[in-house]
Number of protein chains: 2
Amino acid sequence: MNSFGEPLRLLGWITGADAEQLDQLARERVADFAPREDIVSEGDPPQFMHAVLRGWLCHYKALPNGRRQITGFSLPGDICDERVFLIRQMDHSIAAVTNATVGLIDRHRLQDLMGRRPRLQQAMARQSYLRLSMQREWLVSVGQRGAIERLAHLLCELHLRLEAVGQAEPDSCEMPLTQSEIAEATGLSTVHVNRTLQELRAANLIVLRDRTLQIPDLRALREAAMFDPSYLRCGDKDVPGNG
Amino acid sequence: MNSFGEPLRLLGWITGADAEQLDQLARERVADFAPREDIVSEGDPPQFMHAVLRGWLCHYKALPNGRRQITGFSLPGDICDERVFLIRQMDHSIAAVTNATVGLIDRHRLQDLMGRRPRLQQAMARQSYLRLSMQREWLVSVGQRGAIERLAHLLCELHLRLEAVGQAEPDSCEMPLTQSEIAEATGLSTVHVNRTLQELRAANLIVLRDRTLQIPDLRALREAAMFDPSYLRCGDKDVPGNG
DNA sequence: CGAAATGTTGAAGTTAGTCAATTACAGTGG
DNA sequence: CCACTGTAATTGACTAACTTCAACATTTCG
C-alpha cells in the first residue's frame with residue numbers, strides 16, 4: 001500500500017542531479033524496522049543520518065514519569081535528522097510507526113557530497129527550517145487549541161504532507177496511527193482522542209476506517225482546525241514537493 | 001540593570017576572530033524597541049537577521065481567535081532568526097518583552113562573512129539546532145507536564161540560559177516576564193499561572209519579587225520541573241557559553 | 001483458535017479555564 | 001506631594017475540558 005509506481009524522491013524541493021545523488025546515497029545502505037522499533041534512541045551517539053524511504057516514523061521524548069510526547073512524524077521523502085553531525089548525543093528518539101525502510105547515510109560521505117553540491121546544503125537547511133516550523137506549530141496547537149481543533153489540525157498537516165510527496169489523494173490518505181499514538185502526539189488522553197474523533201465523524205469532517213482517512217470537505221476540516229498551511233511552505237508560495 | 005561590565009558576546013560558543021567579526025557586524029546597525037513592540041511581524045518579508053544585544057524578546061504566533069502562543073524567548077547573545085535568508089515571509093512574529101537593543105544584520109553581508117568564515121556557518125547551524133531543541137522541549141512541557149512542572153521548567157530554562165551568558169547568579173536571575181506572558185508561553189490561563197506561582201512559593205522552590213527570581217534550592221526546583229538541561233547543550237558536555 | 005493490541009463506553013474525579021471583582025503598583029501630570 | 005491613570009497581581013465562585021479507572025467489544029495476527 002505504501003509502494004507507488006513512481007520512485008520516491010527525497011526532499012521534494014530539490015531536483016535534477018542533486019536529487020539523484022542524494023537518492024543514490026540514501027539507497028546504498030538501508031534498514032527495515034518494525035512498528036514501535038527504535039531507529040535511534042535518546043542518548044545514542046549518532047552514526048548516520050536517516051532518510052525515510054517507506055513507512056512512517058515518529059520522533060519522541062520520554063519523561064521520567066513514564067509518559068512520552070511524540071514531537072513529530074517523518075514521512076516518506078523526509079530526512080529525519082539533518083543536523084546529526086552537530087551533536088554527540090541524540091536528544092530525542094526516533095521510532096518506526098509502521099513497517100518502514102530507512103536509508104542510512106554516512107555523515108562524512110554526506111558532508112563530502114554537500115561540499116561539492118551547495119544546493120544540497122541549502123536543501124538540508126530548508127528541511128531543518130521546516131522541522132522547526134512544524135515544531136512551532138505543534139506547540140501552538142497543544143498550547144492554544146482545543147481537542148477538536150488539535151486533532152483536525154494534525155490530520156490536515158499529515159494529509160498535506162503526504163499529498164506533497166504523492167502519497168495522498170486530494171480527499172484522502174493513509175492513516176496508520178493508533179489512537180494512542182495520536183494521543184501522545186497531541187498531549188491528550190487516548191480516551192479523549194477516541195471521543196473527539198467521534199465528534200469529528202459526527203460532524204462529517206472525517207471518515208476514518210481501516211487505517212484510511214477520508215476528508216469529505218477539506219475546506220471545512222481546515223476551518224475547524226484553524227489550519228493555515230503556510231507554515232509548511234518554508235516561506236515559498238508553493239508547497240514543498242509540488243515544484 | 002541589564003548592562004554588565006564585560007561586553008556581551010554573541011553566540012557564546014564561538015570565540016576569537018569569528019566572534020569579533022560577528023559582534024562588529026551586529027553593532028554596525030542597531031535599533032531600540034519598547035516592551036510589546038513588534039520587531040518583525042508574521043507575514044513580513046525578512047530584511048535583516050536580528051541579534052539580541054540587550055533585553056529580552058519573545059517569539060509568538062497569533063491565532064484567528066485572538067489568542068497567541070509565545071513559542072520561545074530570545075535572550076542577550078542570541079541570534080533570533082538565523083535562517084531568515086531561506087524564507088520570503090516570516091511565519092511568526094518577534095516582539096520585545098523588555099526594553100531591548102537589537103543588532104540588525106544585513107543578510108547579504110552575513111552570507112559573505114559566513115563564506116569566508118566557515119566556523120560562523122557552523123555556529124549558525126548550531127543556534128538553529130538549539131532553537132529546535134528548545135522548541136521540542138517546550139512541546140513536551142505543554143503536552144505532558146502539569147502546571148507546576150511547566151512553570152518550574154520554564155524558570156529553570158531561563159535561569160540556565162541567562163547564566164550561560166553571564167547574566168545570572170547561580171541562585172538568582174532577572175525575571176521581567178509578566179504573569180500574562182508566562183501564561184502565553186506555557187499555554188495556561190493567567191489566573192492559573194498566578195495560583196501555580198503561589199504554590200511554588202509556598203513550597204519554597206522560588207522567591208519571585210520585583211522582577212527578580214531567586215532559587216533557594218536549584219536542585220529541588222529542577223527535580224520538581226523534571227528539568228534535564230541536556231537539551232540546551234547541543235550534544236556537548238558543556239553548557240553553551242560556558243566554554 | 002487464542003492472545004494481544006486497539007477501540008469504545010460509562011461514571012467519577014481533577015485540573016485548569018472563565019468571569020468578575022478587588023488590590024497593589026508604577027508612572028504621569030498637576 | 002497627591003490624585004489619576006493604566007497595567008499587573010490577586011482572590012472567590014463557578015464551569016468546562018479533560019483525565020482516570022475500569023470494563024467491555026472489536027480487530028489483528030501468530
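The structure displayed is predicted, hence computed values, not measured ones. Lettering follows sequence order; numbering is per chain, from 1.
Side-chain atoms of A:Glu181 and A:Thr178 form a donor-acceptor pair, as typed in the model, at a separation below 3.5 Å. For the residue pair A:Ser74 and A:Arg131, a side-chain donor N or O sits within less than 3.5 Å of a side-chain acceptor on the partner.
Looking only at side-chain heavy atoms (C-beta outward), A:Pro170 and A:Glu163 come within less than 4.5 Å of each other. With contacts defined as side-chain heavy-atom distances shorter than 4.5 Å, the pair B:Val140/B:His153 does not qualify. A:Gln89 has its side chain out of reach of B:Arg233: every pair of non-hydrogen atoms, C-beta onward, lies at least 4.5 Å apart.
At a threshold of 4.0 angstrom between heavy atoms, the contacts of B:Arg145 with the nucleic acid are absent. Within the 4.0 angstrom heavy-atom criterion, no nucleotide atom of any strand lies near B:Arg209.
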(message) For nucleotides 17-26 of chain C, give me one character per nucleotide, 5' to 3': B if any protein heavy atom sits under 4.0 Å from the base, S if the only such contacts are to the sugar-phosphate, - if neither.
(response) SBB-------

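Tested against A:His92 for a side chain to side chain donor-acceptor pair (under 3.5 Å), the candidates A:Gln69, A:His59, A:Glu42, A:Lys61 yield a single pass: A:His59.
When the C1' atom of C:dT9 is taken as reference, atom CG of A:Asn194 falls 8 Å away, rounded to whole Å. Summarising the geometry, the separation between CE on A:Met175 and P on C:dT6 is reported as 16 Å, rounded to the nearest angstrom.
Taking 4.0 angstrom as the limit, A:Gln198 places a side-chain polar atom (N or O) nearer than this to OP1 or OP2 of C:dT9. B:Arg150 has no side-chain polar atom (N or O) that falls below the 4.0 Å cut-off from OP1 or OP2 of C:dT15. For A:Arg211 and C:dG7, the shortest distance from a side-chain N or O to OP1 or OP2 is below 4.0 Å.
Atom CD of A:Glu223 has 12 or fewer neighbouring heavy atoms from other residues, nucleotides or ligands inside a 6.0 Å radius.
Nucleotides of DNA chain D lying under 4.0 Å from heavy atoms of chain A occupy a range whose first and last members, 5' to 3', are D:dC18 to D:dC21.
Side chain of A:Asp210 to backbone of A:Thr212: no donor-acceptor contact under 3.5 angstrom is found.
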